[in-house]
Amino acid sequence: MPAASVTSSSFGRRSLVLAVALVATLALAGCQAPESGASDEPVQGGTLVYASGDAEPVCLDPHVGGNYPQALLASQFLESLVSRDESGEIIPWLAESWTASDDGLVWDFTLREGVVFTDGTPLDAEAVKVNVEHLQDPATQSSTGYLALGKVAEVEVVDERQARFVLSSPDSALLESLSQPWTAIQSPAGIARGMEANCEAPVGTGPFVVEDWVKQDHVSLVRNDDYSSPPADAAHDGPAYLEAIEWRFVPDAASRHAALQGGQVDVIDNPQPDTVAAVEGDDAFTWINAPRPGAANRIELNSGQAPFDDVRVREAFIRAVEVDEGIEALYFGTASRSYSALSSVEPLAYSDPSRFETDLEAANSLLDAAGWTERDADGTRLKGGQRLTLRFPVSTNQSIPAEQSLFEQVQATAKAAGFDVVIELLDLSSWYGALFANEYEIVSAPYTKVGPDVLRILYHSDSITPAPSGYFANLSQLDDPEVDALLTEAAATSDATARAELYEAAQQRILGGFYLLPLYDQQNSFLLDSAVKGARALPTVSTPTFYDAWLAD
Amino acid sequence: MLRRAVALVSGAAFVLWAVATLTFFAIRLIPGDPAQAILGGPGSQASQEALDQVRREYGLDRPLIVQYLAMLGRLLTGDLGHSYALKVPVADLLSSQLGGTMLLAVMALVVAWMLALGLSLWSTGRSRFASIIGDGIELTAAALPHFWLAGVLIAVFSSGLDWLPPVSTGTPAGFVLPVVTLAVPLAGFLAQVMRESLLDAMQQPFVLSARARGESTTGIRLRHTIRHAALPAISLSGWALGWLLSGAVVVETIFAMPGLGRTLLQAVTLRDIPVVTGVVLLVALVYVFMTVLTDLASRIADPRLRQEGAR
Amino acid sequence: MRPEDAPGDAPALDVAGLHVSFGGREVVHGLSLRLHRGECVALVGESGSGKSVTARALLGMAGAGASTNAARLELLGRDLTDAGERTWRSVRGRDIGLVLQDALVSLDPLRPVGREIEDALRIHERLPRAARRARVLHLLERVGMPDPVFAATRRSGELSGGLRQRALIASALALDPPLLVADEPTTALDVTVQARVLDLLAEIREAGTGILLISHDLAVVARLADRILVMRGGRVIEEGPTETVLRSPREAYTRALLAAVPTDRPRGSALSVRAGASDAATLPPATQYGGRTRTTSAVSGPAPTGHGSERPLLQLHHVSKAFDVPGGRLTAVDDVTLELHAGETLGLVGESGSGKTTVARLALALSTPDSGDVVLDGIDWSRRPERERRPMRPRLGAIYQDALSSFDPRWSVGRILADAAARGRRLSGRADSLVDDLLEQVGLEPALAERRPLTLSGGQRQRVAIARALAAEPEVLVCDEPVSALDVTIQAQILDLLDRLQRDRRLAMLFISHDLGVVRHMSDRVAVMRAGRIVELGDAESVFRAPSHPYTAQLVADAPRIVA
Amino acid sequence: MSELELRQSTVEASAEHIAPRGRRWPRPGTILAGGFVAFLVVATLAPSVAWTQDPNAIAPALAFESPSFAHWFGTDESGRDVYSRVVAGTGTSLLIGVTATLIGLALGLVLGLLASFAGRVFDFAVNRVIEVLFAFPGLLLALLVIVVYGPGPVTATIAVGLSTAPGYARIIRGQFVSIRSSHYVEAARVLGRSPARILGRHILPNALVPLSVLATLGIGQAIVWASALSYLGLGAQPPAAEWGAMLAAGRTYLATAPWLTAFPGLMIVGTTIATTILGRALARRGQEGR
């Protein structure tokens, strides 16, 4: 398999990393092209075993809550109104076309004809309406989907195939929001069964159907033989080649990798960088590198309180920290340094390496200027008896070991400038607890959303105000009216060029204020046994899809 | 006999009640709002209305003592409540997880027993060399952390030799490594006890009597000393099972097996209180049951214990 | 070779020049012994004399690390000097049987005794299971088991001491071996049971089995043995027909052994052989540890029995005490009334479980009676709170059977004695001289003050215990089986010491023992206890000479004695 | 019976079975174990003497070097010297082990004293409490403590300590009960000694000396349990070099850099074995000294 072997042999050197991402992308695209040779003929049947290192979802319905593990699974059996292609263009899926009013407040979606949910319910405008209402109902306990559709006032059923979205204010991110698995369309009859049943086995229109969920072990997915609604960028029509998918939960990375090597599983996610590097050049395995969209992985600096309320201290920190060597060593060339607030898969990402050059001398003079002139016995700077301590809560559920090691390196390099970084490894609940209590100076939190609108969620001052549950997304507590204005305007601007300009201005301002230290794209990759052909990651939130996949002998 | 049975049952009931009470009140000390945990954890952006609704629904707005009594009442009917996170009855969830864990633990117990018996029989009453080797093996085995041993076993037998699957596959082969991981450290402990009691038994006069009858060394081991060596190990089995359940938390995670340990770990991370309470109660029940069982087994194996009761 | 093939006059056992050593240290030096079928030969000696090692060597199982060699070792004419383990295994159980001391632990406590007996049959003969069962029942019947079918299914712990000892003998007799080695077969048993077991052994001997009887007790041996070999330090020092050895012993050591037997020895006569006697053999083993010899001199003269009108020092008035046991309540002491006067020794005799120790604990106010009173010098001692009793406690001293366990294992002898002498006061400088003085009184070296009790011999420990009891200068001394764990010559020394101290200090002594001989020798008056009750109480001589209660009569009749 | 009770019984038994042959020199195993523990003590008190470089100095360019002359135990994912980190981690690891053991011991002592001397009602109550605590297997109890108080090294230490407490309590109670009913305590009563004096002079010294032996054995096991918590992400915090945390972090690279786990693992196993051997030697000395 040429594409696969190119992919797997081309990483390992830092200089080649960028190329790798491109090649991988091309390789995926290449799967669509008809290929020659008998062995490239898709084979029907077989069960693919997928081993997930992500947490086991507590509910398979991605409307409930809405996190990445749910998206991973939901991509196999649920479908959205629209999708996105490699270049970031929105393409049809369950909706074959759409139009927006000039004021951007009314969107009409025309649904694909003849699509039927796997419980026999037909896909119609009423179903879309029910789904949006389900997402907006507090009882559903939706978080991600609820936020994504925040500007949708209601859905009107125009006719059977015409659904009209009426917005409260213009939303340039609506299509991107609707492309996400968290807003996927489910059978109204399935939703009507109630939360407990719907969590066990949501009903969608996808190529596979949830057959069984053995908690703590696996989810069994079987082929939907009546499948008829592949997205516009799919490689074939009709039902999937695979007969079934066994979706297993294998939390331990070493076990997961050993299972792939031993042939017990065909695909694993979240592979350790060192194991990815170890199979380099090995034709037996294929690596799919599919960084998540939305925000890049970054360290946020809490500008809401001392010492980072002083821009000089923020800049000093960013100048003091050295992460390039660490990223190279820890990720074995599988991740490349980011200089942007947005993921490299976002077409509107603005990158500025100049702002992140390490310069210890500059850091020291900045700190001196900011009044942090004295040092104690440890070498930590002092100001008025106050130590320059940075609390850094790290969620063990959200960060992989390599990332924690990188944070330790951040800790070590920042020490040279006189920062005392205190890393606190916490479980998810305690981690949120530390954030709510504002007991942090630096933090790293992932956020996945399709499109640049993620900037509004992360850096608009509205996001500093916590929800009743205490949640707030603007962890750098960036409070800049100019940024607010730029992001609000961009969200309401449908003109592509104007929108791009607005987002670039916003990003420049955000990076210029030294509110964050970008590290690398949100790591999201898959190792496959090379017998698995035709698998790819959906370009929406980079979840894998096995609709086109088949198992070679 | 009846008095004994009554004492056993009432003792078991007391332990379960105390465990339930302790867990109930300990969990009230957890910082954070249970209603929030129900609504998908602290990361969710739950609205005030949603929080209020959940509090009413789960009775979290009632006084603590009312909640406590309500829980006891439910427990009496075997109702363990609903999982906050998984939205399913805890009893259903646990009953589906118990089997796997118990199978794992019991198999590990059996394997540990066999390993310990083999090692102690091999190393006892032979040369000083054998005894030192045996001692070393026992000490090392008992000091092995589960997760490290598991890693080494996977590296050798899965990644290296490719003999056994590194994750549970539901097949007997998939069970081998988890069972061995759990069994080896336990075998280290058991072998220490067995060897000492074996040594002790071998110095007893009845061994002299048996030899004076013309019994061979093997005969003495099989007919006499092995039973004496087994006695303390039997009485240890209740503790051993608890120890194995602790180990199961780690082993189930590493080998990706469904079970109580993993359920507990997940529930702890998600602050899923009903599930935590349920697992704790279930484990306590298993412990109580094992205690009665080992007590019974010891009495069957050692008539002296029955004798004590009658004197 | 089957026994019947052996030459008719071949002795069952013929040993010459038997040497046994452990790691280069020889413990049996050239022992010779010949034993015929139907004959009983006794090997008598104190602990450490090498008698048990000899017995084991005769079965080819002297132990790990032992090396055994003999000029001649023949069993029924069959040479076993160079026999390997396999040969020995075929001999053991078939040609030679072994009976050990305590059947509770000498039979596997986890297996039914029937199975244990069956084992010998299974090992040596190919018999169908049913036949083996029948043989087991027959054997149990032969050793006088009342209900063989029931007994066969019991474990050793479920049988009484006498019955389980019979079962043990049955297991050794399973294949009717021509030779039976009995190593202290009756030592742990009560007198009456001991007598029955000795009767059984006598029957077995009559039936033609040769018995090698090993014992520390000349009196036990006297009943059964045809010939006696006296062992000391791994050597047989005297040998001869029982009558001759007992009546006219040649060796001084044998005489010392005989003298030490308290049975039928009048009150006040010394049991231990006097120090300074010419023969080194008479030196008591205490010299093994100390440098100088300090033996107690014999005391003589009648006991100063001075009660009468005097108020008794210690009184038990209708005292009862019961304990909860699973399945009911056991009355350990049932309406016991006793009086103890100054300068008097009251002996309390009874078999195990008769309640003797409970009486001792009640007298010491270590437990409170359910009913009745214990009165110390006119003060109701049992009913007072412990706080008030405490200042009075030094008036009573106690000596236990197991002296070692009565010492704090971390304390040295000196500290133990100084602490006891201090009575809560500070001693400072005088402590050393006080300790020296106490040690001298009980015949011990001052150097022993540095030692821990664990490193002392049994006799020395008991002396330290006595010294501790005396340190507080008590008026009453309660002795609970003070000598039953000791060798006979040591026992003699301790008894003499106690007797002398009692006279010197006009102590009131409650002397508890299961051994009639000891009690009779020590006591002015005697109480006989059975199942918690005093069945007979009176002047020691008259009680033993003319027992009025049948139980006492039985006890007296069954007590082993040297001169019948 | 628990892990601890089991250890106690084996210690006593091993002390019994070794015939006192008047051995003046400790056995070779004991000397080795003593040497190992001496190294641990040096590494705890003066780690800078034992390490070859700064344990927290990163050098990403030197990451994942296999053991060599320059780096005896190799380097880790951040290029830190594993040997120096193992040395630096000794203090933390031992602190966790010792503190957890002390917590367990102290709690056990309180419970054991209550059960033994505060009357029948207390004895009954404490025994029930112990039984209930036993119904929570060690890690379960630890997890419960962590649910309540949040993860971290302090909680982990407390959790491990708490989970060993019932074992100690039962042993201590057993020890007190057996000593209290021993003949030498009775002998002291006969001499008219007050309960306080008996407790202070006889019972406590005799109960606590074997207990201290037992504690040396508990340390190793406490480290093992604490390391399990670290593996589950509920233990020590970086960059503190703690063996359990190093083991947990290194397990990720088991396939490519086994030295990251081998050496901390060996230290844990070695410490457990060495303390056990020393504990046994102590018990033997105690026995022989009597």
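Each chain gets a letter, A, B and so on, in the order its sequence line appears, and its residues count up from 1.
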Requested in this report: Report yes if some heavy atom in the side chain of B:Ile154 is under 4.5 Å from a heavy atom in the side chain of A:Ser255; otherwise report no.
Outcome: yes
Query raised in the report: Which answer fits B:Leu93, side chain, backbone, both or neither, if we ask what part of it has an atom under 4.5 Å from a heavy atom of chain A?
Result: side chain
Requested in this report: Going by the side chain to side chain contact (heavy atoms under 4.5 Å, CB included) test, name the single residue among B:Ile254, B:Leu265, B:Thr253 that passes it with A:Pro251.
Outcome: B:Thr253
Report summary line: For B:Arg262 and A:Val250, the nearest pair of non-hydrogen atoms, with its separation, is NH2-N, 4.4 Å
Query - Taking every non-hydrogen atom, the tightest pair across B:Gln97 and A:Lys215 - result: NE2-O, 3.1 Å
**Report entry** A:Tyr440 atom OH: more than 12 heavy-atom contacts under 6.0 Å
**Finding:** yes
Query raised in the report: What part of A:Glu56 gets closer than 4.5 Å to chain B, counting heavy atoms only: side chain, backbone, both or neither?
Result: both
**Report entry** Nearest heavy atoms of A:Asp217 and B:Ala256, plus distance in Å
**Finding:** OD1-O, 3.9 Å
